[in-house]
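Quick notes on the structure that follows.
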Amino acid sequence: MTRVLYPGSFDPVHNGHLEMVETAANLFDEVVVAALINPSKGGGLFDLEERMALLDECFEHLPNVRTTMFDGLVVNLAAEVGADFIVKGLRAVSDFESELQMAQMNVEISGVQTLFLPTASRRSFLASRLIREVARLGGDVRDMVPDPVRRRLEDRIGFRGRIDG
Ligand code: PNS
């Protein structure tokens with residue numbers, strides 16, 4: 001049985017993340033999706049509890065996926081949940097530099113290896129930071145996020161999208 005940990009800041013979770021989790025759920029026996037703090041990111045939209053509640057709703061259709069949240073080192077969480085590997089998505093070469101560095105640091109301090117999955121090219125532009133920015137300024141991000149996130153964005157910042165009602 002192979003259990004993997006898919007960590008991220010998920011502020012908010014978007015369709016690129018959804019694709020990664022669905023792919024990981026097909027490849028591995030169990031996937032733990034975890035909302036963590038990214039110390040290098042500020043200006044968040046949702047707190048950790050809200051992000052995890054959204055993860056719960058977005059992945060409830062996948063029986064071998066569970067969600068959690070954690071404030072600490074990702075490798076400590078990997079040990080706590082008994083993950084064999086950390087899984088990360090790669091959108092572009094630019095992701096690779098920082099992801100490789102984190103993977104190397106994580107293996108150095110814990111021995112836990114990271115596996116990379118490529119994102120489908122049609123979703124490679126998706127980034128939570130841009131989705132927050134576009135939604136805050138009234139742009140239409142409905143096709144980029146799962147339904148529970150769209151509803152929370154509407155509640156939170158009044159985003160209404162192209163179609164009324
Ligand atoms: O979605 P993100 O922001 O790219 O996810 C990055 C995240 C949260 C996975 C990363 O910042 C992280 O692992 N944070 C936990 C703290 C930690 O372990 N830092 C050392 C990484 S080498």
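The analysis underlying the following values was restricted to heavy atoms, covering all of them including side chains, and did not include hydrogens, waters or symmetry mates. This one's a predicted model, so the numbers in the text were calculated from it and none came from an experiment. First listed ligand is number 1; within each ligand, the first listed atom is number 1.
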Nearest non-hydrogen protein atom, atom 20 (C) of ligand 1: Leu73 CD2, 4.0 Å

Nearest-0.5 Å distance, CE of residue Met144 to CZ of residue Phe125: 5.0 Å

Side-chain donor-acceptor pair present, Ser9, Asp11, cut-off under 3.5 Å: no

Which of the ligand 1 atoms, numbered from 1, are nearer than 4.0 Å to a heavy atom of Val74: 13 (O), 17 (C), 18 (O)

Common cluster, Ile109/Val81, ILVMFWY with side-chain heavy-atom separation under 4.5 Å: yes

Atom indices of ligand 1 within 4.0 angstrom of Leu36 heavy atoms, with elements: 8 (C), 15 (C)

Identity and distance of the protein heavy atom lying nearest atom 4 (O) of ligand 1: Lys41 NZ, 3.8 Å

Phe10 and His17 aromatic ring geometry - parallel, tilted or perpendicular at 30°/60° bounds: perpendicular

Atoms of ligand 1, numbered as shown, that sit under 4.0 Å from any heavy atom of Met105: 22 (S)

Numbering as shown, the atoms of ligand 1 that approach Gly8 to under 4.0 Å (heavy-atom distance): 1 (O), 5 (O), 8 (C)

Whether Glu30 side chain and Val65 backbone form a donor-acceptor pair below 3.5 Å: no

Asn38 neighbourhood, listing ligand 1 atoms whose heavy-atom distance to it stays under 4.0 Å: 2 (P), 3 (O), 6 (C), 11 (O)

Asn106 side-chain N/O to Thr114 backbone N/O, donor-acceptor pair under 3.5 Å: no

Donor-acceptor contact below 3.5 Å, side chain Asp84 vs main chain Arg3: yes

Atom 22 (S) of ligand 1: nearest protein contact (heavy atom, Å): Asn106 OD1, 3.5 Å

Gly72 to ligand 1, any heavy atom closer than 4.0 Å: yes

Salt bridge (charged side-chain N to carboxylate O under 4.0 Å, His left out) between Glu57 and Arg152, intermediate numbers included: CA-CA 11 Å; Glu57 282 190 71; Arg152 281 298 283 124; over 6 Å; no

Top protein contact for atom 14 (N) of ligand 1, by heavy-atom distance: Ile37 O, 3.2 Å

Distance from atom 1 (O) of ligand 1 to nearest protein heavy atom, with residue and atom: Ser9 N, 2.9 Å

Protein contact of atom 10 (C) of ligand 1 - nearest heavy atom, named by residue and atom, plus distance: Met102 SD, 4.2 Å

